[in-house]
There are 2 protein chains.
Amino acid sequence: MAVTKHSKQRDAIMDELCQRHDHPTAEELYLALKMKMPNLSLGTVYRNLNMLSDDGTIQKISVGGADHFDGNANNHYHMLCSECKRLYDVTYPLLEDIEKKAVNFVDGKITSHTITFIGVCNGCLH
Amino acid sequence: MAVTKHSKQRDAIMDELCQRHDHPTAEELYLALKMKMPNLSLGTVYRNLNMLSDDGTIQKISVGGADHFDGNANNHYHMLCSECKRLYDVTYPLLEDIEKKAVNFVDGKITSHTITFIGVCNGCLH
DNA sequence: TATAATAATAGTAACAATTATCATTATTGA
DNA sequence: TCAATAATGATAATTGTTACTATTATTATA
């Protein structure tokens, strides 16, 4: 179901998600919020994250293991550290024309694209 | 553990995976192989797919839901149909220099990259 | 070619991530 | 203020995957 009524829990989830830039999982968000809202439920976090990502208000990112969420809905790229599994933003300029070009190599229509770099972050290199 | 000894099950898994180009999940492979090898175990399929993708012999692809596997280990791109969740190959030419360029936008080293187009396949459009 | 070492298997249990259920609570519009 | 119902918290159920263990298959060597 789509969002219709307002809720404190959803506000808190959005606030937390937009303040941080570490692309937390549902459980990481839940644990952080649980301190301020002690009777928040993990199911509520999942339900809201799914509604919001269905809306296009936030992004859901699947890279193996638990899904990550990104409060920045504008398309941008990511890097996954294969050591610590953390997900980082990559400010590589958006490839504006890649979807148009890719149409020639696809049977269907394209609505978006993702690029994920895999590597090792500085924290894990040292 | 890495592959050392030979096994019929692993051969059958590789054969099946390389013959088809629909990026099956572990369970889809299992069901297809179960006909020829009635006492194949799902755990065996998972174990081998993981060993082979750790090797770099095959690719594991996470796009939400169950992981998909690709017998083509050469880097190439994919399209995910948001309707039927099927994964297609995209023969878009490899962006050879993107990893080198991306280094400037990343704190760490890059070892590979993936591009996934999201869209609707022809089967789902009609 | 027999044998010993051990990797790989089948079958099953356990686990992790996510979704569904449902009685209760909160929001909203009349 | 009240009725309608969306959203919640708590928990059960489901799904995808990994771990465990006794047995079987592979392989190197005597």
Side-chain angles (χ1 to χ4, degrees), chain A residues 1-17 23-55 57-70 80 84-87, chain B residues 1-17 22-55 57-70 80 82 84-87:
Chain A
M1 199 189 295
V3 171
T4 55
K5 289 187 183 172
H6 187 251
S7 100
K8 303 217 156 119
Q9 287 83 347
R10 181 158 47 246
D11 283 352
I13 290 165
M14 272 303 282
D15 282 359
E16 179 73 18
L17 185 59
H23 312 93
T25 64
E27 197 181 24
E28 286 168 346
L29 271 175
Y30 167 72
L31 290 173
L33 290 166
K34 189 83 176 170
M35 312 218 254
K36 301 172 190 176
M37 310 182 88
N39 48 5
L40 176 68
S41 172
L42 179 57
T44 297
V45 176
Y46 271 106
R47 188 169 359 88
N48 278 291
L49 289 173
N50 283 339
M51 291 195 301
L52 292 165
S53 60
D54 287 349
D55 276 357
T57 308
I58 66 173
Q59 282 187 261
K60 182 194 275 196
I61 306 163
S62 297
V63 288
D67 288 339
H68 294 252
F69 294 87
D70 190 336
L80 177 69
C84 64
K85 309 298 180 193
R86 267 190 278 257
L87 198 62
Chain B
M1 198 188 293
V3 171
T4 55
K5 289 187 183 172
H6 188 251
S7 99
K8 303 216 157 119
Q9 288 84 346
R10 182 159 46 246
D11 283 353
I13 290 165
M14 272 303 281
D15 283 358
E16 178 73 18
L17 184 59
D22 62 343
H23 313 93
T25 63
E27 197 182 23
E28 286 168 344
L29 272 174
Y30 168 71
L31 290 173
L33 290 167
K34 190 82 176 170
M35 313 217 254
K36 300 172 190 175
M37 311 183 86
N39 49 4
L40 176 68
S41 172
L42 180 57
T44 296
V45 176
Y46 271 106
R47 185 168 4 86
N48 278 290
L49 289 173
N50 283 338
M51 290 195 301
L52 292 165
S53 60
D54 288 348
D55 275 355
T57 308
I58 66 172
Q59 283 188 260
K60 181 194 277 198
I61 307 165
S62 297
V63 289
D67 288 339
H68 294 253
F69 294 87
D70 190 336
L80 177 68
S82 53
C84 64
K85 311 297 180 193
R86 267 189 278 257
L87 199 60

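As the structure is a computational prediction, the values presented were derived from the model and not from experiment. Note: hydrogens, waters and symmetry copies are ignored here, and every other heavy atom, side chains too, is used. By convention in this document, chain letters (A, B, ...) are assigned in the order of the sequence lines, proteins followed by strands, and residues within each chain are numbered from 1.
Side chain of A/Arg10 to main chain of A/Lys5: a donor-acceptor pair is present (N/O by atom type, distance under 3.5 Å, no hydrogens or angles). A donor-acceptor pair is defined here as one N or O able to donate and one able to accept, closer than 3.5 Å; no such pair exists between the side chain of A/His23 and the backbone of A/His68.
For the pair B/Asn48 CG and D/dA25 C1', the computed distance is 14 Å after rounding to whole Å. Following rounding to the nearest Å, A/Asp67 (CG) and D/dT15 (P) show an atom-to-atom distance of 17 Å. Taking atom NE2 of residue A/His68 and atom P of nucleotide C/dA17, one finds them 10 Å apart after rounding to whole Å. Atom NE2 of A/His6 is separated from atom C1' of D/dT5 by 17 Å (rounded to the nearest Å). D/dT24 atom P lies 16 Å from atom CE of B/Met37, rounded to whole Å. Atom CG in A/Leu42 sits roughly 15 Å away from atom C1' in D/dA13 (whole-Å rounding). One atom, CG of B/Leu40, and another, C1' of C/dA8, lie 12 Å apart when rounded to the nearest Å. One atom, CE of B/Met51, and another, P of D/dT17, lie 17 Å apart when rounded to the nearest Å.
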Between B/Gln9 and B/Leu40, does the side-chain contact (heavy atoms from CB on, under 4.5 Å) criterion hold? Intermediate values first, please.
CA-CA 7 Å; B/Gln9 288 84 346; B/Leu40 176 68; 3.8 Å; yes
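Taking every side-chain heavy atom of B/Tyr46 into account, D/dT18 is the closest of D/dA10, C/dA8, D/dT18. Checked against C/dT18, C/dT27, C/dA8, the side chain of A/Ala66 finds its nearest nucleotide in C/dT18. Distance from the side chain of B/Lys5 is smallest for C/dA8 among the nucleotides C/dG11, C/dA8, C/dT27. Checked against D/dT8, C/dT19, C/dT27, the side chain of A/Lys60 finds its nearest nucleotide in C/dT19.
Nearest approach of A/Thr25 to A/Ala66, heavy atoms of both residues: CG2-CB, 3.9 Å.
Along DNA chain D, the nucleotide nearest to A/Val3 and the one nearest to A/Lys34 differ in position, and the one closer to the 5' end is contacted by A/Val3. Summary of the strand contacts: B/Pro38 and B/Met1 both lie near DNA chain C, and taking for each the nucleotide with the nearest heavy atom, the more 5' one is attributed to B/Met1.
Considering only heavy atoms from C-beta on, B/Met14 stays 4.5 Å or farther from B/Asn48 through its side chain.
A close approach under 4.0 Å does occur between a side-chain nitrogen or oxygen of B/Thr44 and OP1 or OP2 of C/dA10. Distances shorter than 4.0 Å separate none of the side-chain N or O atoms of A/Asn39 from OP1 or OP2 on C/dT25. For the pair B/Asn50 and D/dT18, the criterion of a side-chain N or O lying under 4.0 Å from OP1 or OP2 is met. OP1 and OP2 of C/dA8 both lie 4.0 Å or more from every side-chain N or O belonging to B/Arg47. The side chain of B/Gln9 places no N or O atom within less than 4.0 Å of a non-bridging phosphate oxygen (OP1 or OP2) of D/dA25.
For a distance-only test at 3.5 Å, the side chain of B/Thr4 fails to qualify as a donor-acceptor partner of the base of C/dA7.
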